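Below is one structure, written out as structure tokens; comments come after it.
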Amino acid sequence: MSKKTRVQMFLLDNLIWLIVIGFFLLNAIITPHFATYNNIVNIFYHSSIMSMLILGQGLILIIGRLDLSIESTLAFAPGVAMLLVTQWLPGGAGPVSAIILTLAVGALVGLFNGYCIGKIGVNPFLQTLSMLIMLRGLVLFLVPFSIFPLHDVYTYAGKARIFGNIPVAIPITIAIFIIFHFVIQYTPFGRFFMATGGNPKASFISGINTTRIVMYAFMLSGLLAAVAGLLYAGRQGSVNNSMGDGMVLLAFAGAILGGASLEGGKGTPMGMLGGGILLGMISNSLNLLGVGVTLVYATKGALIFVAIVLDRIKVKLRNHLMQKEQLEKILHQSKGDGESFSPSS
Amino acid sequence: MWEKKGKIVLGLYGISKVYPGTVALHDVNLEIEKGVVHGIIGKNGAGKTTLVGIIAGIISPTKGEIVIEDRHYTHLSCIKARQENISIVPQEPQLMLDLSVAENLFIPNYHLASKGRRIHWDEMYIKAENILKQAGLGLNSRAQAGELSISDRQLVLVVKACYVEQARIIILDEVSASLTQKDEKLLYRIIEERKREGKTILFISHRTDELLEICDRVTVLRDGRSVTTVSCDTLNMEKLSSLIVGEEFRFQRICNEIAACDQREKETVLEVQNLTKLGAFQNISFTLKDKEVLGIAGLRGSGRTEIFRSIMGIEPLDEGLIKLKGKKVRFASPADALKKGLAFLPEDRESEGIISSLSVRENLVLSALKKITRIFCIHKQTEKDMITHLIHSLDIKISSAEQEVSQLSGGNKQKVVVGRIVANQPRVYILDEPTRGIDIAAKESVLKIIREQLSQTGGIILTSPGLEDLLLVCDRILVLYRGRLVAEMRRENFSETTLFNAVQGGTEPNQVAGVASN
């Protein structure tokens, strides 16, 4: 492979970070107060919740499925956990148990999705659509009014700030991304994820327990949705029934911008982090520029469109590059052979 | 080579088609005269299907020019080809299985059987009935296409191209491969009749006898190049065969190296008894010795693939016993089978073998990740050593291990899948058509790997699309006919004709008894 093609391929594979950098530089010039320390911290802080959802969605996209229910899980997990510790459990429980319960509820919801999809064979779209509606309905029923105040320990992840006035949510998010990046790239478990998404039949035949991988993926996505819920509840200091409403489609957009593909088998957690940051920067700059709330929503819609088109263009460009490379190699070869062609031997 | 007589209806000039990893066609020239049955012949992977795909507008060429009468094209689309009155009957019959035979015939040309915009169903059925009668097919036009046999489905498509679409140029892509002998005769009659009406027919096949019988002229493709076009009167079978192969048949070399060896001394690794899956196979019993190469010969649909899939635990068995080194086993999934030392190479490489979005490296080590993992992580150096060894020993041609598998040629893709199996060091290899759809050099190399490397480490069961491959590498061949084992042959008394007859179902009953007592 020539050096030029290799560079082009590298840029295509890391397209999202190029866009992030480009968008940042553009806004640093045209948007007032954009490139300030406080605002940058602010962008990261506000992207953290969405990034968790994007990572969850991204893991599911890697195995070639999709999960609509994460935004409801985001509200359901902290809602049920708070009700358990404050009302349902006899004697109540501490804030640490509340955190563990939140995560457990999220993971269980995901596991249930994974079981139905992997073992029973329910279509993932229909399964998670029903969960999306059902869990939101349950949250509306169970948490008619906001639950507050929350314990300081419970809100620590979402609200507290450490050295340099940095919200704790930022290091937590980055740590989670690093862990997942490592797992996906360097462990057999991660390889199984990529393989299952790339070709489930071939993976099954080559000895991967694809059912179990599907269940794990959905469980992890539920768990990450619960982490997002924890950050959300912590930031606003309460649990209410509209948390996460409408976030799932943006999570799709972010994951696809970050290199995942609806066909599965593609994407890395680090790319998805880029997708999350880009979404955060777009909201932030539109706010700073004084664009109205309704128009912000339309812009986000346009963004989903761009994400999908970008995915296609990227695949096409990549194939085109490969084909060109091949053609050059072949032309080069037949030049060497001269006029007489001998069958490959 | 031949003198131009008639008018050229179709000319291809300098056509090339490059796929990632392979050159399917290289500078192919072809001229086809009006009213002629023109044969195209070549080995597997010679580019026959790509060439007709280009004519039918399914594939667009990388380079070259297509001339239809006086109109010049750089590429055709399916719609353009249809407007030019070109019809193609593809290799695998593709009907809409839920629709009736009549509707399949008229789709999408409903206007042929309708008044105004409304479809007249009754009229369509009557018309279809007449057309089928004219062609000599005794099919009910109201029958569902899904209920027809493969052979009948193929004929329906031929009838559609010849009688309904009234195409000027009809392309028949290895149509006879899925026909029964009786239907073959019918096909030849239809071709003869169309020719008399002045239609041009492009007939693709890899059977020399058939081509010589029905074609006026033959173009030979070899390694994606048009070698020559000759008139059939000047040809005989041997001459045509040597044109197709182009050089001495190289497999002879492998063959000579194998001495018939005594199987009795070796230990039995796999034994199956009375395997039954209703509707697929019945009472299959055989044993596999260590370091033995056992071939299973049978027609498409005779149950080969199903037996393999059932042993591996991909599809459930209805009945039967599987013994691995004397121990009774039953696998719940391929993962389970793999753990106990059985490896499976699936027949369909593209959809069940390779994982095309991953790199060569990731594909190769996929089944053997446990061996290279240290404390939850993949050990980079061990992984590297493993793939270097595999690439070297299987002679996989790649530019780097990080290359995506989708870019490789068919033969190299197959070697990657073989490599994945080898990496796990199984005791039993179950290979379903390892030589399917790969070019002759790759085929030779894969067969060599099977014979010289795999058979040193375990027992092998394999099937093949062509009997000659089995005759070359196997120690023993079992013949499967309609889901039953009907004959067994040992290396000492291999004979192509007996094997061919047995595969077609023409065996004496006493040979069956021979297998049962074995």
Side-chain angles (χ1 to χ4, degrees), chain A residues 1-2 5-6 9 13 62 64 182-213 261 263-267 315 318-331 333-334 337 339 341-345, chain B residues 16 18-23 26 62 222-223 225 246-247 250 309 312 314 333-339 343-346 348-358 362-363 365-370 372-373 376-378 380 397 399-400 402-404 406-407 417 420-421 424 439-442:
Chain A
M1 207 180 273
S2 71
T5 333
R6 208 174 295 181
M9 292 291 254
D13 286 341
I62 283 179
F182 178 81
V183 168
I184 292 291
Q185 300 272 313
Y186 299 104
T187 67
F189 186 67
R191 291 273 178 91
F192 293 160
F193 260 63
M194 303 302 285
T196 304
N199 188 343
K201 257 189 187 167
S203 305
F204 177 66
I205 283 173
S206 61
I208 295 172
N209 191 336
T210 47
T211 316
R212 197 182 294 163
I213 294 295
S261 153
E263 278 132 42
K266 296 225 167 69
V315 171
R318 217 162 182 279
N319 287 346
H320 176 76
L321 273 177
M322 299 250 187
Q323 184 128 0
K324 224 172 77 187
E325 177 77 20
Q326 288 286 336
L327 201 64
E328 264 166 31
K329 213 163 90 188
I330 287 150
L331 289 177
Q333 262 174 16
S334 50
D337 287 352
E339 282 299 301
F341 174 81
S342 58
S344 55
S345 48
Chain B
S16 296
V18 179
Y19 282 117
T22 35
V23 193
H26 191 278
T62 317
R222 195 197 305 150
D223 297 315
R225 285 154 199 258
E247 55 197 301
R250 285 185 285 178
R309 297 178 82 89
M312 289 303 292
I314 299 169
S333 70
D336 193 14
L338 202 72
K339 242 181 250 163
F344 177 55
L345 181 95
D348 191 338
R349 182 173 57 239
E350 295 293 332
S351 81
E352 301 187 332
I354 57 162
I355 296 164
S356 51
S357 58
L358 298 188
E362 288 165 317
N363 265 284
V365 297
L366 192 63
S367 289
L369 282 173
K370 255 203 189 115
I372 55 171
T373 305
F376 299 120
C377 298
I378 295 163
K380 284 278 159 197
K397 294 201 175 62
S399 53
S400 104
E402 296 305 318
Q403 207 177 0
E404 267 178 44
S406 55
Q407 290 181 70
V417 185
R420 180 197 298 161
I421 292 175
N424 207 42
D439 64 59
I440 193 151

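Below, chains carry the letters A, B, ... as their sequence lines are ordered, and counting in each starts from 1. Just so it is clear, the model here is predicted, and its values are computed rather than measured.
With a 4.5 angstrom heavy-atom cutoff, B:Ser356 does not touch chain A via any of its atoms. The part of A:Phe192 that comes within reach of chain B is its side chain, from C-beta onward, which places non-hydrogen atoms under 4.5 angstrom from that chain. Heavy atoms of B:Val417 lying under 4.5 Å from chain A are absent altogether. Heavy atoms closer than 4.5 Å to chain A are found in the backbone of B:Ile354, but not in its side chain. B:Glu402 does not touch chain A: none of its heavy atoms, backbone or side chain, sits under 4.5 Å away. For a residue to count as touching a neighbouring chain, one of its non-hydrogen atoms must lie under 4.5 Å from one of that chain's; by this rule A:Arg318 touches chain B with the side chain only. For B:Lys380, the part lying under 4.5 angstrom from a heavy atom of chain A is the side chain only. Contacts between B:Leu358 and chain A at a heavy-atom distance below 4.5 Å involve the side chain alone, from C-beta outward. With a 4.5 Å cut-off on non-hydrogen atoms, B:Ile355 touches chain A through its backbone and its side chain both.
The nearest pair of heavy atoms linking A:Lys201 to B:Ser351 is CB-O, 3.7 Å. Closest non-hydrogen pair, B:Ser357 versus A:Gly265, comes out as OG-O, 3.8 Å. Closest of all the heavy-atom pairs between B:Gly353 and A:Ala202 is O-CB, 3.3 Å. The two residues B:Phe376 and A:Pro188 make their nearest non-hydrogen contact at O-CD, 3.4 Å.
Note that the CE atom of A:Met194 and the CG atom of B:Leu366 stand 12.0 Å from one another [nearest 0.5 Å]. We find the CD1-CG distance between A:Ile205 and B:Leu338 to be 11.5 Å, quoted to the nearest 0.5 Å. Atom CG of residue B:Asn363 and atom CG of residue A:Asn199 lie 9.0 Å apart, to the nearest 0.5 angstrom.
Looking at A:Arg191 and B:Val365, their side chains come closer than 4.5 Å, going by heavy atoms from C-beta outward.
When B:Glu404, B:Lys339, B:Lys370 are compared by the number of non-hydrogen pairs under 4.5 Å with chain A, B:Glu404 comes out ahead. Top candidate by heavy-atom pairs under 4.5 Å with chain B, chosen from A:Gly264, A:Gly197, A:Ser261, A:Ser206, is A:Ser206.
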